[in-house]
Amino acid sequence: MSGPFASLLSRDLRLAARSGGGAALALAFFALVATLVPLGVGSDLHLLSRIAGGVLWVGAVLAALLSLDRLYQGDFDDGSLDLIALSPLSLEQVALAKLLAHWLSTGLPLTLLSPLLALLFGLSGQGTWALFVSLLIGTPAVSAVGAIGASLTLSLKRGGLILPLIVLPLLAPAVIFGAGAVSGALDHLSNGALGLLSAFSVAAVLLSPFAAAACVRLNLAG
Amino acid sequence: MSGPFASLLSRDLRLAARSGGGAALALAFFALVATLVPLGVGSDLHLLSRIAGGVLWVGAVLAALLSLDRLYQGDFDDGSLDLIALSPLSLEQVALAKLLAHWLSTGLPLTLLSPLLALLFGLSGQGTWALFVSLLIGTPAVSAVGAIGASLTLSLKRGGLILPLIVLPLLAPAVIFGAGAVSGALDHLSNGALGLLSAFSVAAVLLSPFAAAACVRLNLAG
Amino acid sequence: MFRYANPAMFMRLSGALLPWVCGAAVIALAAGLYLGFQVPPDYQQGMTVTIMFVHVPAAIVAESAYGLIAIASLFSLVWRHPLADTAARAAAPLGAVFTALGLITGSLWGRPMWGAYWVWDARLTSFLLLLFLYLGYIALWNAIEDEARAARAAAILALIGAVNLPIIKFSVDWWNTLHQGESILSGKIAPVFLWPLLIMALAYMLLFAALWMVRIRTEIVNRRARGLMQRTA
Amino acid sequence: MITSLAAEKLACVRGERRVFADLDFHVAAGQALVVEGANGVGKTSLLRLIAGFLPPASGRVTLNTDRGAISDGEERGRLVGWLGHQDGIKPQLSVGEQLEFFAQLYGARDVIGPLLERVGLSRQRDFPCRYLSAGQKKRLGLARLIVSGRGLWLLDEPLAALDTAGRALTAELMSAHCAAGGIVIAATHDALGLEARSLRLEAA
Amino acid sequence: MITSLAAEKLACVRGERRVFADLDFHVAAGQALVVEGANGVGKTSLLRLIAGFLPPASGRVTLNTDRGAISDGEERGRLVGWLGHQDGIKPQLSVGEQLEFFAQLYGARDVIGPLLERVGLSRQRDFPCRYLSAGQKKRLGLARLIVSGRGLWLLDEPLAALDTAGRALTAELMSAHCAAGGIVIAATHDALGLEARSLRLEAA
Ligand code: HEM
Ligand SMILES: Nc1ncnc2c1ncn2[C@@H]1O[C@H](COP(=O)(O)OP(=O)(O)OP(=O)(O)O)[C@@H](O)[C@H]1O
Ligand SMILES: Nc1ncnc2c1ncn2[C@@H]1O[C@H](COP(=O)(O)OP(=O)(O)OP(=O)(O)O)[C@@H](O)[C@H]1O
Ligand SMILES: [Mg+2]
Ligand SMILES: [Mg+2]
């Protein structure tokens with residue numbers, strides 16, 4: 001584990017951790033959103049368990065989104081991206097490393113935290129399991145679609161705001177399938193949501209490095 | 001309207017608009033969150049109207065938060081803040097101008113959009129009115145508390161990530177009172193939530209410029 | 001000079017066509033509206049059925065416009081056709097406006113029909129998401145100042161959106177049928193309603209075409225002006 | 001009107017590190033001071049200290065004006081014209097907008113047009129700053145410095161990125177500023193092309 | 001091994017603006033080329049074009065190596081050592097971490113310690129880059145350039161922010177690189193202190 005790919009991956013993970021927490025922050029944001037919603041909605045556990053899947057999935061997507069605009073922007077602004085582009089890695093490999101780093105520092109921790117938050121919402125064991133599995137399958141898609149958005153908005157000095165506008169509509173299927181899996185589990189239906197989510201996720205992850213690399217190329221030429 | 005204060009205010013508004021939409025983007029984010037939640041929670045309007053207050057308040061806070069880390073960070077990173085600090089304005093005035101610019105470009109538009117989103121959630125007329133008023137009163141507090149957080153995290157290169165962590169817990173009262181006002185209106189109770197929210201908001205707005213100025217001073221010395 | 005060869009041709013062609021398209025649009029619109037207000041009240045919906053004549057065509061044009069943008073984007077990315085970017089860019093705000101029109105007329109119709117301005121029905125929801133796709137696309141165009149770069153970035157986004165749009169639509173259908181379904185009135189439309197509807201659909205398409213051409217023309221002119229300005233700067 | 005600037009027993013600590021100590025100097029109105037020294041010796045720190053951003057670890061900076069002596073950092077800042085390392089330029093604004101904003105912020109009544117002419121940017125007036133080259137950005141910084149109308153100029157490597165003509169222009173502007181009774185303190189590794197006293201910082 | 005670099009009828013367009021056109025030059029292995037010209041004339045653009053970031057509006061750049069001629073921008077980039085305007089330094093990483101990362105990224109086997117010694121940063125090895133002075137950052141950039149082990153050096157104002165010793169060091173490094181059969185192309189407004197051919201860009 002010391003090739004160029006690994007070194008880029010580990011640097012990105014280290015930077016995520018150094019810029020104040022990395023995983024910890026996405027987690028904290030996720031947990032905060034999950035706490036604020038019951039504060040606003042009220043403490044009726046029956047009601048909460050019914051909205052848990054949806055709210056937690058939306059919360060996870062937003063938490064992952066939060067750190068997305070730093071995926072390329074920082075490296076672009078300070079010239080690191082120039083140097084990375086000249087390295088032996090192809091831009092596709094760079095995009096893959098960054099996708100992976102983002103998932104490892106947000107998607108995965110979010111998934112691991114989700115059972116705890118499910119508890120706060122009074123989600124049943126089956127619902128919790130469905131939430132966990134759907135997040136595990138679905139968060140790579142969030143990182144993948146997000147990475148495209150991040151590379152598209154690269155040359156905008158403060159593109160962070162456009163990012164959600166571009167990314168969230170594209171992620172609607174992930175939310176629908178993910179939350180659908182949870183509600184399916186609650187109603188003891190097997191509705192195929194997980195299968196659809198997997199398909200969406202695989203397609204997104206396969207497509208993303210190419211699209212992102214094309215966008216980065218575009219922006220380096222600017 | 002051409003003194004230093006007005007010029008800073010109008011520059012910040014212009015920058016918000018130029019970096020891709022300003023108000024429009026916060027609005028879009030708000031609307032997107034409001035759309036994603038039903039996608040996750042399900043289409044039952046009765047259920048949705050019960051969680052509307054909480055979800056929309058949380059959505060508004062998140063939308064406002066999204067542009068917060070740009071409040072000082074951009075000016076700090078490129079050295080503009082040095083130049084602004086040397087201007088005839090005191091740092092407290094600078095903080096007030098920035099607070100105002102943030103509210104005008106996010107809080108106010110979010111408030112104005114809220115009735116439309118209330119419609120999507122099937123909120124009653126009274127609930128809608130309560131949501132509107134509570135946002136009108138409460139969003140300045142969001143900007144004010146957020147401005148403190150933004151100035152605090154200034155010297156962290158990517159402090160934007162820590163920001164929500166600092167700001168969201170401080171904003172829990174706003175969410176509780178705001179959503180409380182909505183649910184009160186739905187149950188035809190007058191629960192004093194709006195009064196508490198107003199007090200919170202006034203205190204936050206009065207305190208914020210001083211706290212923010214102190215943090216900026218600290219960071220310029222770094 | 002080669003860069004402007006194609007737009008120049010377009011300017012000439014559209015200049016000749018535009019009056020005719022505009023004229024046809026106005027005539028069709030007038031005829032459609034006239035016929036539309038002539039129809040007998042529907043036994044179920046009363047006079048609100050006339051909303052159909054503004055609603056359905058708007059929805060159809062809104063959906064087609066995104067397809068046009070995607071096709072233009074493909075041309076722009078693969079063949080670097082200089083007109084394609086301009087065409088895609090010009091179509092987006094129109095598409096967004098027609099989408100908004102469909103949403104507004106639909107919800108105005110929904111109030112008397114369903115008793116609510118909005119229900120989370122699959123078709124409505126996917127249409128709302130289409131509006132967001134338009135807005136993101138427009139925002140991206142406006143945010144990137146460098147023309148050429150904005151064009152390519154927007155084209156990539158449009159294509160990704162085009163791939164994802166069917167998935168969104170499909171997932172929303174799937175989502176909604178899991179819960180309760182709203183029954184939109186379906187099926188057989190009587191000829192009295194059909195003819196005005198078809199004429200109105202034609203009118204909307206002509207209207208879209210006319211506005212599209214005008215926007216492309218102004219964009220070409222603006223581009224030339226900007227180019228001149230920058231070259232002298 | 002500034003009459004002189006004096007530093008007494010000035011010391012600077014950054015982080016845990018003592019950068020310099022026991023620094024004394026005196027600059028009278030109309031004089032220029034060049035701060036020299038190896039990389040990392042504390043030139044930028046000294047300028048930030050004089051501008052009032054950094055509080056001195058010990059000692060003090062006094063700015064004597066016709067309205068009395070000023071020792072408070074923030075008050076001193078009100079008389080400072082700053083040209084730092086970072087350009088302070090917003091990519092989204094046009095060159096003209098950028099300069100107009102600063103003119104208004106500093107309450108200056110200057111006309112923008114002739115100023116842009118002077119620094120060689122008049123053709124770029126409506127150009128977004130994003131597209132400026134490094135030297136063009138520096139020139140915009142010079143225009144901003146003039147528009148600030150301040151008496152005490154603090155310049156951090158003012159010649160970097162400028163071409164020959166730009167360097168001559170900067171020297172000219174500094175001379176004119178001194179001739180008008182202002183003070184110039186510049187940290188640089190280059191010859192400024194200007195009659196100036198020199199302050200050489202040594203590693204502490 | 002690079003044998004030479006040739007540009008034929010090179011033209012560069014940025015935005016709608018033609019920056020330069022019909023540029024021809026040829027640099028053989030072991031030679032240095034200094035790119036000069038007024039601010040905004042297109043020096044940085046030329047370097048980005050050679051590095052393969054910017055596609056040329058017309059004409060082409062060919063890099064001749066012992067394995068054949070390379071015209072593709074991205075392929076050419078694999079042989080480029082880059083020292084740009086922007087420092088490419090992460091404030092959160094320490095000097096050592098920063099350099100180690102680049103060494104690994106570029107697949108270099110260099111030892112970090114002696115290199116930091118050479119550019120005068122060995123005492124700062126565990127220092128967060130956030131606290132480096134402008135000149136210290138530039139020195140780190142130089143170390144990174146060496147560690148890249150590339151044959152074609154593209155340097156944008158390599159002397160800016162460096163002190164006298166730093167400038168001498170840079171000249172020495174460039175000479176050594178040329179002597180080892182490398183190519184140096186540097187855009188600068190200063191005297192490089194190096195035997196080099198000069199290419200003067202003129203406004204189009
Ligand atoms: C905000 C609310 C509404 C929205 C967003 C909406 C959207 C749409 C969309 C996207 C289409 C598809 C056009 C196409 O075929 O390509 C459509 C068609 C149609 N809508 Fe709506 N609609 C709304 C409300 C209504 C209401 C309340 C009614 C009447 C009860 C209605 C009646 C129809 C009819 C009759 C069609 C044509 C159906 C067909 O294609 O066979 N819509 N609408
Ligand atoms: N996207 C763009 N659109 C239009 N013009 C641009 C764009 N980007 C750069 N320019 C212009 O291109 C010219 C060349 O810029 P470049 O940075 O190459 O200059 P330079 O020779 O490096 O100048 P300096 O000596 O100041 O560093 C400048 O005049 C700049 O204003
Ligand atoms: N927060 C900090 N903690 C510790 N050391 C610091 C901190 N900030 C700066 N330094 C150190 O203080 C010293 C002075 O830095 P300064 O930027 O003033 O140098 P300089 O003389 O301007 O150098 P240059 O010629 O490279 O611009 C440097 O050695 C730097 O590493
Ligand atoms: Mg310095
Ligand atoms: Mg340059």
Side-chain angles (χ1 to χ4, degrees), chain A residues 1-22 24-25 67 70-98 101 105 154-155 157 210 213-222, chain E residues 12-15 44-45 47-57 72-94 97-109 128-130 137 140-141 144-145 147-154 156:
Chain A
M1 273 288 283
S2 70
F5 187 87
S7 76
L8 183 59
L9 179 62
S10 75
R11 180 196 79 138
D12 270 23
L13 289 174
R14 192 181 303 176
L15 283 178
R18 295 271 171 91
S19 30
L25 274 172
S67 52
R70 276 113 194 153
L71 199 59
Y72 289 97
Q73 191 75 53
D75 285 348
F76 182 75
D77 285 348
D78 67 12
S80 300
L81 199 55
D82 288 344
L83 291 159
I84 293 173
L86 295 175
S87 79
L89 295 177
S90 73
L91 283 177
E92 283 78 10
Q93 288 172 305
V94 171
L96 190 64
K98 287 195 164 278
S105 63
L154 196 50
S155 67
K157 194 73 186 173
F210 298 97
C215 298
V216 169
R217 219 162 263 138
L218 194 68
N219 281 305
L220 285 179
Chain E
C12 171
V13 171
R14 307 207 60 169
T44 302
S45 305
L47 293 183
R48 292 190 73 81
L49 212 150
I50 298 174
F53 295 134
L54 267 177
D72 175 66
E74 225 148 300
E75 230 178 297
R76 202 164 56 233
R78 303 277 170 268
L79 296 170
V80 165
W82 180 258
L83 180 69
H85 252 315
Q86 296 157 295
D87 53 33
I89 290 175
K90 292 290 165 191
Q92 303 101 321
L93 299 182
S94 76
E97 285 173 329
Q98 182 78 40
L99 203 53
E100 269 155 29
F101 158 62
F102 269 97
Q104 283 175 20
L105 183 67
Y106 277 71
R109 294 274 154 271
C129 292
R130 177 192 310 281
K137 282 183 187 156
L140 181 51
R144 196 171 48 199
L145 182 66
V147 108
S148 74
R150 296 291 173 82
L152 171 59
W153 281 7
L154 301 179
D156 204 353

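Every chain is numbered from 1, with letters handed out A, B, ... down the list of sequences.
Taking each heavy atom of A:D77 and E:Q86 in turn, the nearest pair found is O-NE2, 2.7 Å.
Put simply, the side chain of E:L105 reaches to within 4.5 Å of the side chain of A:L89, judged on heavy atoms. At a threshold of 4.5 Å between non-hydrogen side-chain atoms, the residues A:L8 and E:Q104 do not count as touching.
In this structure, chain A has no heavy atom under 4.5 Å from any part of E:L83. With a 4.5 Å cut-off on non-hydrogen atoms, E:R144 touches chain A through its side chain but not through its backbone. Of the two parts of A:L81, neither the backbone nor the side chain holds a non-hydrogen atom closer than 4.5 Å to a non-hydrogen atom of chain E. In this structure, chain A has no heavy atom under 4.5 Å from any part of E:E100. Contacts of E:R48 with chain A are made by side-chain atoms alone, with heavy-atom separations under 4.5 Å and no backbone atom involved.
Taken to the nearest 0.5 Å, the CG atom of E:L154 stands 8.0 Å off from the CG atom of A:L86. Distance check, rounded to the nearest 0.5 Å: CG of E:L47 to CG of A:D82 gives 11.5 Å.
When A:L91, A:L220, A:I84, A:L83 are compared by the number of non-hydrogen pairs under 4.5 Å with chain E, A:L83 comes out ahead. Considering only heavy-atom pairs separated by less than 4.5 Å from chain A, the leading option among E:G77, E:G73, E:G84 is E:G77. Taking A:S87, A:S80, A:A85, A:G79 one by one and counting their heavy-atom pairs under 4.5 Å with chain E, the maximum is reached by A:S87.
Distance alone, capped at 3.5 Å, places no donor-acceptor pair between the A:R11 side chain and the E:F102 backbone. Formation of a donor-acceptor pair under 3.5 Å by the A:R217 side chain with backbone atoms of E:F53 is not found in this model.
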